[in-house]
Structures are given as C-alpha cells and as structure tokens.
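Quick notes on the structure that follows.
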Amino acid sequence: MMAITPMLPAHADAVLEIYQQGIDTGNATFETAAPSWADFDAGHLPGHRFVALDGDQVLGWAACSPTSRRAVYAGVVSESVYVHPDGRGRGVGRALLNGLIASTEAAGIWTLRAGIFPENTASLGLHEKMGFRVVGVTERIGQFRDGRWRDVVQLERRSSVVG
C-alpha cells in the first residue's frame, strides 16, 4: 500500500538516488548530478515536499522551490516530481502531485509551475491530467551535457480555491 508522507532527512539517500536516476535518463533536468542533501534541503520549501512510500521503499518524491524572492510572487512556486523506476505506472506521480496541490493550496499558494523537456511525454501527460496547462515553450534555453540545445515546455496550474 502506497502512502504519501512528508519528506524527512531519513529519506535523503533514497530521494537523491531517485533524483540521480532521473538525471541519468537525460530527459528530466539540465543538472548533471544530484546535489548534497544540505543543498537540496536549502533549495526546497519545508512544508511542500513529500515522498511516496511502499513500506520502507521510497517510490518517488515531489518538492517545491520558490519561484522568486519578491513578495509579489509569494504565491507562485516551482515543483518537481521524480519517480523511481519501480514506481512508474502505479499512480505515484499523481499521488505526489495531489499532495503538493493540497499542501500549497492550504498555504495560500495560487500557482504551481513546472518546466519539462518536450521529450518527457510521461511527465507532460501527468501534469496535463492534473490540471496544468502549457503556457509556452522556451526554445533553446540551455545546452545539455552533449552541447545540444534543449527546449523546455513551461506549464502552470492555477488554484481554483486560492486567489
């Protein structure tokens, strides 16, 4: 039975391993290596990060980071969702996004943002099913490890209960 719970320091190794697995696919992020736990912890909002557990196994994680330090953007965050290969096709991503939506709306956050490579069709499909809409594509926004320019699809989900 899968459970969505707050992410704790005890989950750090599994979370960073899943992050690295996503990095290794080449279609999750421009990052080349998972950060240290200290850097991960500092970059993500404490009340808006979750893990999906099946017993003691972490099947995935989701977390939010601030979009901007400017007060006007206090209700806008960027989210990330990563699923372990063992968790794919089991509703893990959907459950994690539901957790983020509930926690952010309870905190008065009105917009979740995501940037996804166009090749990551599973993530794009999940986000669209969860009420995100494509707001644009930033073309050739960054060079990937092999020197190839990559586009990023920009998505957002506006809360229907906040704002």
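No hydrogens, no waters, no symmetry mates; every other heavy atom, side chains included, goes into these values. Positions are given from 1, in the same order as the sequence printed here.
Here the shortest heavy-atom pairing between Val162 and Gly108 reads CG1-O, 3.2 Å. Heavy atoms only, all atoms of each residue included: Ala63 and Arg49 are closest at CB-CB, 3.7 Å. For the pair Gln21 and Pro85, the tightest heavy-atom approach, listed with the atom from each and the gap, is OE1-CD, 3.2 Å. Residue Val92 comes nearest to Gly87 through the heavy atom pair CG2-O, 3.4 Å, listed as atom of the first residue, atom of the second, then distance. Of all heavy-atom pairs spanning Met1 and Asp54, the tightest one is N-OD1, 3.7 Å. Considering every non-hydrogen atom in both Leu112 and Cys64, the closest pair reads CD2-SG, 4.2 Å.
Around CG of Asp86, the count of heavy atoms belonging to other residues, nucleotides or ligands within 6.0 Å exceeds 12. Around atom CZ of Arg150, more than 12 heavy atoms belonging to other residues, nucleotides or ligands sit under 6.0 Å away. For Asp56, the CG atom is loosely surrounded, since the number of other residues' heavy atoms within 6.0 Å does not exceed 12. For Arg69, the CZ atom counts as loosely surrounded, since its 6.0 Å shell holds 12 or fewer non-hydrogen atoms of other residues, nucleotides or ligands. Residue-environment remark: OH (Tyr73) stays at or below the threshold of 12 foreign heavy atoms within 6.0 Å.
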Could you walk me through whether Val58 and Leu53 satisfy the side chain to side chain contact (heavy atoms under 4.5 Å, CB included) test, starting with their C-alpha distance in whole Å, then the side-chain angles of each, then the deciding distance to 0.1 Å, before giving a yes or no? CA-CA 5 Å; Val58 176; Leu53 297 175; 3.6 Å; yes

With salt bridge (Lys or Arg N to Asp or Glu O under 4.0 Å) as the test, would you mind laying out the steps for Glu156 and Arg133 before giving the verdict? CA-CA 6 Å; Glu156 72 175 22; Arg133 68 183 182 95; 3.0 Å; yes

Using the side chain to side chain contact (heavy atoms under 4.5 Å, CB included) rule, take Thr104 and Glu79 through it: C-alpha gap first, then chi angles, then the decisive distance, then the call. CA-CA 10 Å; Thr104 54; Glu79 58 83 8; over 6 Å; no

One pair to check against side chain to side chain contact (heavy atoms under 4.5 Å, CB included): Thr29 and Tyr19. What are the steps and the verdict? CA-CA 9 Å; Thr29 178; Tyr19 193 10; 4.3 Å; yes

Walk me through it: do Ser65 and His44 pass the test side chain to side chain donor-acceptor pair (under 3.5 Å)? CA-CA 5 Å; Ser65 56; His44 293 89; 5.1 Å; no

Between Tyr82 and Thr25, does the side chain to side chain contact (heavy atoms under 4.5 Å, CB included) criterion hold? Intermediate values first, please. CA-CA 11 Å; Tyr82 284 76; Thr25 69; over 6 Å; no

Working for side chain to side chain donor-acceptor pair (under 3.5 Å), residues Thr111 and Arg158: CA-CA 5 Å; Thr111 301; Arg158 297 296 302 261; 2.9 Å; yes

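In this structure, the ring of Trp61 has its center less than 6.0 angstrom from the ring center of Phe40.
Clustering ILVMFWY residues whenever any of their side-chain heavy atoms sit less than 4.5 angstrom apart, transitively, puts Val15 in the very cluster that holds Ile23. Residue Val81 is not grouped with residue Met7 when hydrophobic side chains (ILVMFWY) are merged at heavy-atom distances under 4.5 angstrom, including chains of intermediate members. The hydrophobic clustering, which links ILVMFWY residues whose side-chain heavy atoms are closer than 4.5 Å, places Leu126 and Phe50 together. Hydrophobic clustering places Met2 together with Leu100 (ILVMFWY residues linked when any side-chain heavy atoms are closer than 4.5 Å, directly or through intermediates). Note on Phe132 and Leu96: same hydrophobic cluster, where clusters join Ile, Leu, Val, Met, Phe, Trp and Tyr whose side-chain heavy atoms are under 4.5 Å apart, directly or indirectly.
Between the side chain of Arg88 and the backbone N or O of Val83, at least one donor-acceptor pair lies under 3.5 Å. Side-chain atoms of Gln143 come within 3.5 Å of backbone N or O of Gly147 as a donor-acceptor pair. At least one donor-acceptor pair under 3.5 Å links the side chain of His11 to the backbone N or O of Leu8. The backbone N or O of Ser123 lies less than 3.5 Å from a partner atom in the side chain of Asn120, making a donor-acceptor pair. Under the 3.5 Å distance criterion, the side-chain polar atoms of Ser36 are matched with a main-chain donor or acceptor of Asp39. The backbone N or O of Asp151 lies less than 3.5 Å from no partner atom in the side chain of Glu139, so there is not a single donor-acceptor pair. A donor-acceptor pair is defined here as one N or O able to donate and one able to accept, closer than 3.5 Å; no such pair exists between the side chain of Ser78 and the backbone of Thr67.
No hydrogens or angles considered: a donor-acceptor pair under 3.5 Å links the side chains of Glu105 and Ser159.
Residues Ile116 and Leu155 have side chains in contact (heavy-atom distance under 4.5 Å, counting atoms from C-beta outward). Using a 4.5 Å heavy-atom threshold, the side chains of Val51 and Ile4 count as separate. Within the 4.5 Å cutoff, the side chain of His127 has no heavy atoms near those of the Val153 side chain. Annotation: side chain of Ile109 is in contact with side chain of His48 (closest heavy-atom distance under 4.5 Å). Using a 4.5 Å cut-off on side-chain heavy atoms (C-beta onward), Leu97 and Arg157 make no contact. Counting heavy atoms from C-beta on, the side chains of Arg113 and Val76 come closer than 4.5 Å.
Every residue two or more places apart in sequence or in another chain that forms a ring pair (Phe, Tyr, Trp, His ring centres under 6.0 Å) with Phe30 is listed here: Phe117. Every residue two or more places apart in sequence or in another chain was checked for a ring pair (Phe, Tyr, Trp, His ring centres under 6.0 Å) with His84, and none qualifies. Remark: Arg94 pairs with no residue by the side-chain hydrogen bond (donor to acceptor under 3.5 Å, both in side chains) rule, at least two apart or across chains.
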